[in-house]
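Letters A, B, ... are given to chains in the order of the sequence lines, protein chains preceding strands, and every chain is numbered from 1. Below, all heavy atoms of this structure are taken into account, side chains as well, without hydrogens, waters or symmetry copies.
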Amino acid sequence: MTTPNVSNDLAKTYDPAAVEGRLYAHWEASGFFHEEPDPARPPFIIAMPPPNVTGRAHLGHGSTYTPMDVLTRYHRMLGDNADWLPGLDHAAIATEAVLVRELAKEGIARDALGRQGFIDRAWEWSRTYGGTINEQFRTLGFGPDWQRERFTMDEGLSAAVRKVFVELYREGLIYRGKRLINWDPKGKTTVSDAEVDHVERDAHLWHVRYPAKDGSFSITVATTRPETMLGDTAIAVHPDDERYATLIGKHVCMPLTMREIPVIADSAVESGFGTGAVKVTPAHDPTDYEIGQRHDLPMPSIMDFDARISGAEIDVGAYGGLERYEARARIISDLRASGHLVKEEPYRHAVAISERSGEVIEPLLSLQWFVKMKPLAEPALQAYRDGRLRFVPERYGRTYETWLENIRDWNISRQLWWGHQLPVWYTPAGDVIVAETEEEARETAKRRFDTLELTRDPDTLDTWFSSGLWPFSILGWPEKTPELACWYPSQVLITGWEIIFLWVARMVMLGLHFVGQVPFPTVFISPLVFDAQGRKMSKSLGNAIDPMDLVGRFGADAFRMGILRQMRLEGQEIRFQESRCEEARNFNNKIWNATRYLLALPEGLPRAMTLPKPSELTLADRWILTRLHDTIEEMSRLFDAFDFGNAAETIWRFVWYEFCDWYLEATKAEPNRATRAAVMSFVWNNAMRLLHPIAPFITEEVWLALPHDGATIMTATWPDPFEVPVERAAADAFAALQRTVERVRNLRSEMGLAPKQPLTLLVPGNVPNDLAALLALFTVGTLERTAETGASLEEALGAVEGRAPLELLVERYRKEAIRLRAEVERGERKLGNEQFIAKAAPDVVTKEREKLDGYRIELQKVEAALAATGERV
RNA sequence: GUGCGUGUAGCUCAGUGGGAGAGCACCACCUUGACACGGUGGGGGUCGUAGGUUCAAUCCCUACCACGCACACCA
């Protein structure tokens with residue numbers, strides 16, 4: 001007789017804080033995350049989307065970066081040449097904004113500091129605070145190859161940026177031009193179309209009358225932006241609009257300065273909206289710009305980069321110098337006074353907002369640099385259409401396609417200091433020199449323009465320009481490195497759908513153009529994280545959850561499991577529930593205690609991965625091994641399909657509801673003790689490996705405590721289903737046993753028996769002893785053998801009954817008979833339907849027959865039992 | 001306006017052309033060789049509404065309603 005001997009080494013409650021930091025430091029110091037290119041093995045490469053250097057971990061990283069870590073760990077265990085390549089993005093606008101704020105606190109203006117001083121500060125700041133998010137990633141258990149960490153402003157990556165710029169320029173795909181751009185008056189820079197949001201806002205629609213000079217007629221237009229009237233160069237109406245047909249070609253006066261402008265016809269005008277006539281301000285509105293181009297209209301700018309009215313190009317009357325909203329108010333009041341304001345109505349419409357600063361975008365005409373997109377987009381579309389690039393879920397492919405089909409040129413110059421300065425120089429005569437280095441620029445200047453006096457373009461490149469090169473720039477491109485040879489293209493890109501345009505499409509275009517292959521064959525789009533009510537998480541709403549806080553309370557493993565279990569393959573959002581992390585913490589505790597039980601088995605554990613002879617395996621052994629086999633196949637399938645939610649659910653079920661609830665309990669019965677140590681050790685070792693990609697820490701801790709081979713579970717092999725014996729018949733028999741146990745437990749409960757009060761079990765003689773013992777164990781029953789019943793084990797188990805008070809049994813039998821009669825009736829109705837027999841699939845009909853037969857037999861039995869009790873009454 | 005997604009138990013969500021599921025919450029009982037961050041049992045849903053296809057619809061189709069998202073030059 002052995003007494004329980006729970007290992008004193010292991011606390012009763014799992015404490016992630018005591019494990020996670022220690023293991024991570026060990027992994028990193030041991031170089032387990034690092035990998036060298038190895039053409040002999042299949043590559044599994046993920047380029048980490050570089051977080052902003054200003055960034056902090058948020059729940060979105062849970063849903064996008066956890067899957068990357070999971071897949072990298074999974075493929076490493078599969079023996080692939082797996083590497084996850086990390087890095088940071090210099091995040092021009094965001095970083096510059098942070099710095100400007102910091103400087104303001106010290107009372108320093110950006111311009112006073114000067115360009116070089118500012119950049120020095122930015123570098124200093126990046127080095128000091130920029131690593132924060134990487135530390136947080138370590139806390140979350142993310143294991144990228146830190147030795148390969150890159151920064152978009154690194155010298156190598158910057159050289160790649162310059163090379164790409166120069167090549168695109170020489171190919172005519174980058175050009176400089178005066179175009180209408182999106183100006184962010186707060187960030188004091190241009191932003192690309194992809195960085196502009198359209199937000200519904202309450203505003204006004206003002207109807208303004210434009211009179212003819214002689215007063216013989218007038219035209220009224222509707223506008224939401226009266227301040228732009230100063231730059232009007234035409235009034236447009238639809239060519240088919242009869243109301244205005246006679247006025248086309250005539251002139252009216254813009255009432256603020258009484259400047260004459262023509263009335264023109266353009267089909268872009270909707271006659272049904274407003275008055276059917278529209279003012280045209282080509283320099284300050286995208287539609288008007290196009291109309292202006294079609295009609296060759298003058299395009300005077302009336303607003304400067306501070307969003308103030310400016311008379312530099314045209315007479316703006318008394319409004320010069322006014323801020324745009326002041327000007328609007330003044331103009332409205334003047335128009336009202338002069339009788340030109342006909343009508344004023346509240347109006348809700350979409351306003352263009354800078355994604356970054358939240359400021360209302362001002363469309364301005366400005367000399368900027370652009371990338372010609374159509375020639376780049378075409379191959380990127382082709383790659384998608386012929387299947388070289390696919391999206392998971394598929395529907396996001398259509399988003400990508402639509403965007404590329406309608407793509408417009410990309411404004412890439414930014415009026416910021418922090419970023420890659422354009423490799424562009426100008427001679428005093430205004431000649432443009434584009435070169436990879438200043439030396440090269442000087443040589444060209446000397447040779448072609450006979451000058452050495454050069455001014456470099458002060459602008460920097462859109463951050464996404466360097467991010468677009470990420471998949472190959474981090475591998476050393478344009479050098480022909482082993483990394484580039486082995487690891488480009490990568491295997492999958494994982495990101496959120498909000499940056500398909502900003503980033504994914506651009507990587508595909510530039511990757512195809514410069515390396516000749518799509519940078520990744522598959523894009524997995526992970527869901528965005530919202531709060532439990534479906535609201536976006538934000539600081540202002542106060543509903544933001546800090547992952548670090550969750551890790552502190554539940555552990556990194558629980559955080560990862562908690563969020564993965566909420567992921568659904570087709571879902572576009574997660575309504576995050578913190579309780580899922582708590583459940584996962586409980587799950588880990590379950591694992592911990594099952595491990596304590598296992599380690600405390602009095603007989604001890606054998607060498608790793610040694611199973612008893614097949615003939616010695618008990619029914620429970622065969623069942624759990626079969627379940628393990630199926631779980632391994634399922635986990636591999638689900639990881640391969642990016643179905644992380646179901647993967648998490650699958651291993652959860654196996655570990656908790658099968659291994660702990662049934663198998664571990666079964667090992668407490670005498671007939672199962674001989675083989676249990678080996679089988680449990682084997683199964684648990686496999687289970688930890690299956691769970692490791694999701695919960696790296698606890699699995700390592702447990703695996704190391706179990707008999708194992710190797711230094712770390714990280715490089716242990718992924719479980720192989722062929723190493724696990726399968727026995728369907730035994731698995732089915734055990735499942736029948738489970739159903740019987742549940743039935744008897746229900747009876748106990750109805751009898752009001754306390755869990756420890758024994759119940760007499762009436763077990764047919766043809767139920768084998770080991771099964772009978774399990775029944776007794778699971779139901780706290782004492783066995784009483786009865787006559788053999790039924791031909792199969794299932795039938796015999798179906799006949800197992802507990803000895804209960806007569807009234808109770810009668811009641812149960814009655815209820816059971818009612819249920820069964822309903823089932824029989826339903827089956828008979830179905831099978832009595834000739835249409836069903838004739839048209840339904842044969843196997844469906846057969847199954848239905850078998851079901852009906854089964855119900856009939858059960859019903860007979862129950863009715864017989866009922867009758868028998870009746871006789872005894 | 002166009003396109004996409006979602007409506008299933010009180011909550012968050014799985015799922016299937018042929019007997020409605022999980023977790024949490026709730027109720028009852030329980031310190032059973034590890035675990036109360038635990039065990040066992042239980043109650044609870046006309047599967048958004050209305051049609052259609054089908055022998056059979058929660059699942060497929062159509063319309064509508066509600067919510068969310070993306071795109072869009074209606075000033």
Report task. Quick one: the dot-bracket string of RNA chain B, using Watson-Crick and G-U wobble pairs with both distances under 3.5 Å, [ ] for crossing pairs and | for bases paired to another strand. Result -> (((((((..((((....[..)))).(((((.......))))).....(((((..]....))))))))))))....
Report task. Find which nucleotide of RNA chain B each of A/D661 and A/Y657 is nearest to by heavy atoms, and output the residue with the more 5' nucleotide. Result ->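 It is A/Y657, whose closest nucleotide lies nearer the 5' terminus.
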Euclidean distance, atom [atom1] of residue [X] to atom [atom2] of [N] [Å, nearest integer]:
X      : N      : atom1 : atom2 : value
A/R398 : B/rU2  : CZ    : C1'   : 14 Å
A/R748 : B/rU32 : CZ    : P     : 14 Å
A/E823 : B/rG18 : CD    : C1'   : 12 Å
A/L598 : B/rC35 : CG    : P     : 14 Å
A/Y396 : B/rG3  : OH    : P     : 18 Å
A/Q757 : B/rG39 : CD    : P     : 22 Å
A/Q835 : B/rA56 : CD    : P     : 8 Å
A/K830 : B/rU54 : NZ    : C1'   : 13 Å

Where the side chain of [X] is defined as all heavy atoms beyond and including C-beta, which of [options] is the nearest nucleotide?
X      : options                : answer
A/E649 : B/rA22, B/rG18, B/rA34 : B/rA22
A/Q577 : B/rC35, B/rA14, B/rU12 : B/rU12
A/T13  : B/rC37, B/rA34, B/rA75 : B/rC37
A/K756 : B/rC37, B/rU32, B/rC55 : B/rU32
A/E270 : B/rG38, B/rG33, B/rA75 : B/rA75
A/R580 : B/rC74, B/rU12, B/rA34 : B/rU12
A/N589 : B/rA75, B/rC30, B/rC35 : B/rC35
A/E583 : B/rA75, B/rG33, B/rC24 : B/rC24
A/A840 : B/rC55, B/rU40, B/rA75 : B/rC55

Any N or O donor-acceptor pair linking the side chain of [X] to the base of [N] at under 3.5 Å?
X      : N      : value
A/E665 : B/rA34 : yes
A/R673 : B/rG33 : yes
A/R596 : B/rG38 : no
A/R395 : B/rC4  : no

Query raised in the report: With a non-hydrogen cut-off below 4.0 angstrom, is A/K279 in contact with a base, only sugar-phosphate, or nothing?
Result: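 Answer is nothing: A/K279 stays at 4.0 Å or more from every strand.
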Query raised in the report: Reckon A/W206 touches a base, only the sugar-phosphate, or nothing at all at heavy-atom distances under 4.0 Å?
Result: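 No contact at all - A/W206 keeps every heavy atom at 4.0 Å or more from the nucleic acid.
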Look at atom [atom1] of [X] and say whether more than 12 heavy atoms of other residues, nucleotides or ligands are closer to it than 6.0 Å.
X      : atom1 : answer
A/E394 : CD    : no
A/R408 : CZ    : no
A/E834 : CD    : no

Requested in this report: Find out whether the Lys NZ or Arg CZ of A/K590 is both under 6.0 angstrom from the six-membered ring centre of A/F659 and within 45° of the ring's axis.
Outcome: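 The answer is no, since A/K590 fails at least one limit relative to A/F659.
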Is the distance from OP1 or OP2 of [N] to the nearest side-chain N or O of [X] less than 4.0 Å?
X      : N      : result
A/N646 : B/rA14 : no
A/N586 : B/rG38 : yes
A/K12  : B/rG38 : no
A/W656 : B/rA34 : no

Query raised in the report: Is the closest basic N to carboxylate O distance between A/R739 and A/E742 below 4.0 Å?
Result: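 Salt bridge flag = no for A/E742 with A/R739.
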Dump the pairs, protein N or O against N or O of nucleotides 65-73 of chain B, anything under 3.5 Å, distances to one decimal.
from	atom 1	to	atom 2	distance (Å)
B/rG68	N2	A/Q572	NE2	3.4
B/rC73	O4'	A/T287	OG1	3.3
B/rC73	O2'	A/T287	OG1	3.1

Query raised in the report: Do A/H198 side-chain atoms and A/V351 backbone N/O form a donor-acceptor pair below 3.5 Å?
Result: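 It does not hold such a pair.
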Query raised in the report: Would a 4.5 Å heavy-atom cut-off, applied to side chains only, mark A/D557 and A/E20 as touching?
Result: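 A/D557 reaches A/E20 side chain to side chain.
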